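Residue numbering restarts at 1 for every chain, and letters A, B, ... go by the order of the sequence lines. What you see is a predicted model, and the numbers here were worked out from it, not measured in a lab.
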Amino acid sequence: MALRFFNTYSRRVEEFKPRKTNAVDLYTCGPTVYSRAHIGNFRAYIFEDLLQRHLEARGLKVHRVMNITDVDDKTIRGAREAKIPLQKFTQQFKDAFFEDAEKLRIKPANEYPAATDQKYVDKMIAMIGDLISKGLAYQADDKSVYYRIKSFPNYGKLAHFNLDELQSTGRVKHDEYDKEHVGDFALWKAWDQDDGDVKWDSPWGPGRPGWHIECSAMATALLGDQIDIHCGGVDNIFPHHEAEIAQSEGVTGKKFVNYWLHCAHLLVDGQKMAKSLGNFYTVPDVTAKGFTGRELRYALMRVHYRTQLNFTWDGMNEALESLGRIDDWLERLRGVGENAERPTSNVERQTGSDFEDALDDDLNISAALGFLFETIRETNRAMDEKKLDEKTAAGWLDWWERINQTLRFESDGAELPDDVKKLAEARLQARLAKDFRKSDELRDQLNALGWEARDTKDGQKITRRAGAK
RNA sequence: GGCGGGGUAGCCAAGUGGUAAGGCUGCGGUCUGCAAAACCGCUAUUCGCGGGUUCGAUUCCCGCCCCCGCCUCCA
């Protein structure tokens, strides 16, 4: 089956055809580092991770760029309030971002360009100059440079907005006196006192780049004038990505992006999770409740990226239990097939490609996981009936290795905490002494800590369950 | 008001013009010292509501209701 994605530009599922035979250019909008990214932000990055890994599973070499926005109104304000230099202020959130991304097993991008990097500022200035010379931008009385949206006929095509019908939500303050059209957006923001020493020289005076131009500059600088896929959250469709198209195509005259993919919001209590609403959780908030990064990864990944996902602690428990099912299955399967000769050349033939086929269909993760869990039930049944031979088990283990490159759901086999280890040891001794009263008491104590003792033919097994610290 | 996404069991969630995947939870059974895990069984005659097309619709068409998002610096 061919790869297909829903393209925001056409509002249709389209067959994916990369420009190059075996390579894909992927640009993903990264965080604005004015505070720690929340798990709603990470939902988008996890969707992009799934996308990248699946493209790779299909044999495509992915060149991924993720920008870091380290200068804007909020970062400047934050640095000013903290009374520290902008660089120092943003660095802590950059560090936190990479730390969290690693916990969620997100594959690093090839480049993380920063908006404050002089070479990209130079590129932005060059693009703005070019837009002015083409009549697509102008400097207003407030010294800022704005994009003249009425001169770019395709403006509004991505968001499917009619410019004359735009209605202000009042969310953003407009300086309407300076602009030719309310919709004109800033390419270069003239310096003012609140900016302190945050400024760059330009032909239009001191100032700093507008938000949108940074992505146009960095994307074209690192990936070229045209790129295959550009991703982000749905809230980036307008105005951010619409502006990127206007800027990039205004300069190059070429189609900027072939496929626009956007991820729906993470909700909490049925509302969008957003810093501005204060209803958000960060990765450390979730791990502080006793959940791991891979459990959060599962919880954020298991719902199709274009469907809004309501974040709940019940959902986290479901993730934990579901992963436990996978863990138990793998352990059991390894008991049967680990030492068998791997039928490497026949894995695909033996196990099929249902999992990958499902993901080909606009990343249908629910269907893909459906196949995984059906497989688990069927192979467990075969093992119960002692009908799963070594070689078949080994084949399924290879299949798992393959799909786990995309899912990255496997347990990293963390060590047991010392108190748990002690209780488990004591319980083992009690059981050997056939002191079941005591062993049951110890099991209750383990349960209270969020761990479960289970007796198998291979001895006692300790498993983490919901609420473990 | 304009433009999107969505409404499928207790919860989460696939899916198809031909009679509802999967996960979590709950209950019963096998197994077990007892449990757990695993497996088996049960849990939507029904897919927001009302019409229409059709031999047949949850799926296509029309109308309506509800939820969420975007509408110029939010992933």
Side-chain angles (χ1 to χ4, degrees), chain A residues 8 11 28-32 37-48 69 72-74 147 149 156 159-169 171-174 179 181-186 189 210-212 231-240 242-243 262-267 270-277 298-299 302-304 306-310 312 314-315 317-322 324-325 328-329 331-332 358 364-374 376-377 380-385 431 434 436-437 439-440 443 447 452-456 460-461 463 465:
Chain A
T8 307
R11 307 270 189 209
T28 56
C29 283
T32 300
H38 58 64
I39 59 174
N41 302 124
F42 278 105
R43 187 203 185 183
Y45 308 143
I46 283 194
F47 140 64
E48 291 153 2
T69 300
D72 78 322
D73 290 350
K74 288 184 287 252
Y147 195 101
I149 59 167
H160 296 228
F161 281 160
N162 178 341
L163 295 189
D164 300 324
E165 289 172 2
L166 290 184
Q167 196 175 85
S168 175
T169 54
R171 191 166 63 80
V172 175
K173 199 180 98 209
H174 301 277
K179 297 191 280 188
H181 184 281
V182 269
D184 289 352
F185 57 89
K189 303 188 87 161
W211 176 39
H212 313 303
C231 301
V234 286
D235 48 4
N236 276 159
I237 296 171
F238 195 88
H240 188 52
E242 196 70 62
H262 293 96
C263 168
H265 282 131
L266 185 66
L267 310 180
Q271 301 286 127
K272 179 172 93 162
M273 182 176 288
K275 288 174 183 169
S276 57
L277 298 172
Y298 184 97
R302 62 185 238 282
V303 174
H304 188 261
R306 281 192 291 116
T307 302
Q308 289 169 338
L309 195 176
N310 197 21
T312 62
D314 279 350
N317 279 322
E318 183 188 326
L320 184 150
E321 295 297 339
S322 302
R325 183 164 164 78
D328 291 341
W329 170 68
E331 189 175 342
R332 210 176 161 196
N364 189 341
I365 188 69
S366 299
L369 291 177
F371 288 121
L372 169 61
F373 285 107
E374 275 173 16
I376 288 176
R377 182 159 36 75
N380 272 334
R381 187 194 299 139
M383 284 188 279
D384 274 1
E385 293 168 354
R431 275 181 57 76
K434 302 261 183 224
F436 293 122
R437 240 186 102 120
S439 83
D440 288 352
R443 181 167 59 199
N447 285 344
E452 220 163 57
R454 117 169 49 132
D455 305 308
T456 73
Q460 175 176 273
K461 292 266 174 5
T463 321
R465 285 298 181 227

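Closest non-hydrogen pair, A243(A) versus H212(A), comes out as CB-CG, 3.4 Å.
Residue K74(A) is classed as a sugar-phosphate contact, given heavy-atom separations below 4.0 Å to backbone atoms only. Backbone-only contact: G270(A) has heavy atoms under 4.0 Å from sugar-phosphate atoms and none from a base. At a threshold of 4.0 angstrom between heavy atoms, the contacts of A159(A) are confined to the sugar-phosphate backbone, with no base atom among them. Within 4.0 Å of E452(A), counting heavy atoms only, lie sugar-phosphate atoms of the nucleic acid but no base atom. Among the atoms of the strands shown, only primed sugar atoms or phosphate atoms (P, OP1, OP2) are found under 4.0 Å from some heavy atom of R332(A). Among the protein residues, L267(A) comes within range of the sugar-phosphate backbone only, with heavy atoms under 4.0 Å from sugar or phosphate atoms but none that close to a base. Contact annotation for D440(A): base contact, defined as any heavy-atom pair under 4.0 Å involving a base atom. H160(A) comes within 4.0 angstrom of the backbone, heavy atoms only, and of no base. In this structure, E242(A) reaches neither bases nor backbone, as no heavy-atom distance under 4.0 Å exists between it and the strands shown. Backbone-only contact: H304(A) has heavy atoms under 4.0 Å from sugar-phosphate atoms and none from a base. Using a 4.0 Å heavy-atom cutoff across all strands shown, M273(A) reaches at least one base atom of the nucleic acid. Among the protein residues, L266(A) comes within range of the nucleic acid bases, having at least one heavy atom under 4.0 Å from a base atom. No contact: D73(A) has no heavy atom under 4.0 Å from any strand. Across all strands, T69(A) comes closer than 4.0 Å to no nucleic acid atom at all (heavy-atom distances).
Between the CZ atom of F161(A) and the C1' atom of rG1(B) there is a distance of 12 Å, rounded to whole Å. Rounding to whole angstrom units, CZ of residue F373(A) and C1' of rG22(B) are separated by 8 Å. Distance, R11(A) CZ to rG5(B) P: 7 Å, rounded to whole Å. The interatomic distance linking F42(A) (CZ) with rC74(B) (P) rounds to 18 Å, in whole Å. K434(A) places its NZ atom 13 Å from the P atom of rU32(B), with the value rounded to the nearest Å. Atoms CG (L372(A)) and P (rA14(B)) sit 16 Å apart, rounded to a whole Å. Summarising the geometry, the separation between NE2 on H240(A) and P on rC71(B) is reported as 14 Å, rounded to the nearest angstrom. To the nearest angstrom, C1' of rA14(B) lies 11 Å from CD of E374(A).
No more than 12 heavy atoms of other residues, nucleotides or ligands lie within 6.0 Å of CZ in R437(A), so this atom counts as exposed by the packing criterion.
Taking only distance into account, the side chain of R443(A) meets the base of rC34(B) through a donor-acceptor pair shorter than 3.5 Å. You won't find any donor-acceptor pair under 3.5 Å spanning the side chain of N310(A) and the base of rC12(B), going by distance alone. In this model, a side-chain donor or acceptor of E318(A) finds a partner on the base of rG23(B) within 3.5 Å. In the interface, the side chain of R431(A) is paired with the base of rG33(B) through a donor and an acceptor atom under 3.5 Å apart.
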Derivation of the side chain to side chain donor-acceptor pair (under 3.5 Å) call for S366(A) and R302(A): CA-CA 6 Å; S366(A) 299; R302(A) 62 185 238 282; over 6 Å; no

Audit row: H304(A), N364(A), side chain to side chain donor-acceptor pair (under 3.5 Å) steps and yes/no: CA-CA 6 Å; H304(A) 188 261; N364(A) 189 341; over 6 Å; no

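Residue Q308(A) places none of its side-chain N or O atoms closer than 4.0 Å to OP1 or OP2 of rC67(B). Listed pair T307(A) / rA14(B) meets the phosphate criterion, a side-chain N or O lying under 4.0 Å from OP1 or OP2. One finds a side-chain N or O of R381(A) lying less than 4.0 angstrom from the OP1 or OP2 phosphate oxygen of rC40(B). At rA36(B), none of the side-chain N or O atoms of Q460(A) fall inside 4.0 Å of OP1 or OP2 (strictly under the cut-off). A sub-4.0 Å separation between OP1 or OP2 of rC39(B) and a side-chain N or O of N380(A) is present. Dashed line: the shortest gap from a side-chain N or O of R325(A) to OP1 or OP2 of rA37(B) is not under 4.0 Å. Checking the phosphate oxygens (OP1, OP2) of rU72(B), no side-chain nitrogen or oxygen of K179(A) falls inside 4.0 Å.
Taking atom P on both rG4(B) and rC12(B), the two are 27 Å apart, rounded to the nearest angstrom. Only the C1' atoms considered, rC47(B) is 10 Å distant from rU59(B), to the nearest whole Å. Taking the P atoms as reference points, rG10(B) lies 23 Å from rG6(B), given to the whole Å. Using atom P as the reference point in both rG7(B) and rA14(B), the two lie 8 Å apart (nearest Å). Taking atom P in both rG23(B) and rC40(B), one finds a spacing of 10 Å when rounded to whole Å. Between rC27(B) and rA20(B), the distance separating the two C1' atoms is 22 Å to the nearest Å. Using C1' as the reference atom, rU58(B) and rG48(B) are 12 Å apart when rounded to the nearest Å. With both ends at atom C1', the span from rC68(B) to rC34(B) equals 48 Å, rounded to whole Å.
Across all strands shown, rU58(B) has no partner, as no Watson-Crick or G-U wobble contact with both distances under 3.5 Å is found. Across all strands shown, rA21(B) has no partner, as no Watson-Crick or G-U wobble contact with both distances under 3.5 Å is found. In this structure, rU30(B) and rA38(B) make a Watson-Crick or G-U wobble pair, each of the two defining distances being under 3.5 angstrom. Base pairing analysis places rC3(B) opposite rG69(B); the two distances defining the Watson-Crick or G-U wobble pair are each below 3.5 Å.
How far OG1 of T312(A) is from CG of L267(A): 11.0 Å, rounded to the nearest 0.5 Å. Here the straight-line distance linking atom OG1 of T463(A) with atom CG of L320(A) works out to 10.5 Å at 0.5 Å rounding. How far CZ of R431(A) is from CG of D455(A): 3.5 Å, rounded to the nearest 0.5 Å.
The aromatic rings of W211(A) and H240(A) lie parallel to each other, their planes meeting at an angle below 30°, with 60° marking the opposite boundary.
When distances run from any side-chain atom of Q271(A) to the nucleotides rC68(B), rC70(B), rA35(B), the shortest one goes to rC68(B). Among the nucleotides rC74(B), rA13(B), rG33(B), the one closest to the side chain of V303(A) is rA13(B). With rC24(B), rC70(B), rC74(B) as the candidates, the nucleotide lying closest to the side chain of A274(A) is rC74(B).
Between the side chain of D184(A) and the main chain of K179(A), no donor-acceptor pair closer than 3.5 Å is present.
A residue-by-residue look at L277(A) and L369(A) shows that L369(A) has its nearest nucleotide of RNA chain B further toward the 5' end. When the nearest nucleotides of RNA chain B are assigned to I376(A) and Y298(A) by heavy-atom distance, the more 5′-ward of the two goes with Y298(A).
By the 4.5 Å heavy-atom criterion applied to side chains, R443(A) and Q460(A) are not counted as neighbours.
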